[in-house]
Amino acid sequence: MTEIKGGHTVQSFDQDLKRLTAVLLEMGELAVRQLRDATRALLERDDELAREVIAREKDLNEFDTRGEEEAIYLLAKRQPMGVDLRTIVVILKSFTELERVGDESKKVAKIARRMILDEADPVEAYRNSFTRMVQAAGNSLEGALKALRERDENLAIEVAEGDKLLDLEYKDALRAIHEAVTVRPALLPVAAEAVLIIKAVERVGDHAKNIAKHVVYLVEGKDVRHIKSKRLAEALGKTEPQP
């Protein structure tokens with residue numbers, strides 16, 4: 001389509017969308033970095049790194065504000081329809097998901113700072129499962145952002161379905177913390193904060209899954225937010241029905 005609407009060409013609108021998407025992806029890179037730095041600060045007992053994560057939270061908030069303002073401006077200026085409208089809606093929702101990833105990472109960093117001062121930190125009890133959790137959450141977030149950038153519906157489905165693996169690691173970490181407290185009841189106060197940490201990482205996975213489902217909506221025009229991830233491919237006709 002090459003007709004001019006409101007004095008602007010479709011090519012110009014495409015450039016606007018590319019700029020908005022670029023802002024989102026830059027925010028996404030920072031969100032992934034925040035997650036990995038916050039958890040590394042905990043595992044390596046690095047208070048300076050934890051401070052940096054907390055200080056960078058404002059940068060994510062600025063991305064969120066800027067992205068929302070630009071998206072609303074595009075909605076008002078272009079009055080898009082169809083896939084263009086879905087694109088802006090999905091980008092808006094994804095800004096919110098990434099801002100919440102930042103909140104969870106900041107939470108981890110703040111608790112890490114408290115744990116660094118506490119020699120009774122039970123981190124060794126759940127280090128292995130926690131490390132796998134962080135890797136899975138980071139990979140899911142990167143995968144969701146790649147799916148959005150490339151409008152790759154199949155990758156989005158893969159990311160959403162992969163959330164179950166993170167849930168399993170979360171349960172393993174929770175079990176390890178419980179066992180540590182059973183052996184050493186004195187760990188109970190700090191173990192409670194450890195639970196908050198692994199829950200924060202599990203929620204990062206949820207936000208990645210949400211972005212992935214937004215991508216499916218963008219490509220298919222079908223709202224799949226309330227479809228269970230394990231049934232997503234089936235609901236979209238990508239696989240045979242499961243028994």
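If you're wondering where the values come from, they're calculated on a predicted model, not measured in any experiment.
Ile111 is listed as a side-chain neighbour of Arg114, based on a closest heavy-atom distance under 4.5 Å. Considering only heavy atoms from C-beta on, Val108 comes within 4.5 Å of Thr39 through its side chain.
Between Asp47 and Arg51 there is a salt bridge, with a side-chain nitrogen of the basic residue lying less than 4.0 Å from a carboxylate oxygen of the acidic one. Salt bridge present: Asp16 and Arg19 bring a charged side-chain N and a carboxylate O closer than 4.0 Å. Salt bridge annotation for Lys106-Asp103: absent, with no cationic side-chain nitrogen under 4.0 angstrom from a carboxylate oxygen.
Under a cut-off of 6.0 angstrom, the local environment of NZ in Lys146 is sparse, with at most 12 non-hydrogen atoms contributed by other residues, nucleotides or ligands.
Side-chain atoms of Arg100 and Ser105 include no donor-acceptor pair closer than 3.5 Å. Looking at Gln135 and Asn139, their side chains do bring a donor and an acceptor atom within 3.5 Å of each other.
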Check: residues 23-33 side-chain donor-acceptor pairs under 3.5 Å, at least two apart:
none

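The shortest heavy-atom contact between Leu20 and Gly67 is CD1-O, 3.7 Å.
Applying the ring-ring contact (aromatic ring centres under 6.0 Å, His included) criterion to Phe130, with sequence neighbours excluded, gives Tyr126.
The side chain to side chain donor-acceptor pair (under 3.5 Å) pairs that include a residue from residues 57-68 are Arg66-Glu70, where partners are two or more places apart or lie in different chains.
At least one cation-pi condition fails for Lys222 and Tyr217: the charged atom is not both under 6.0 angstrom from the six-membered ring centre and inside a 45 degree cone around its axis.
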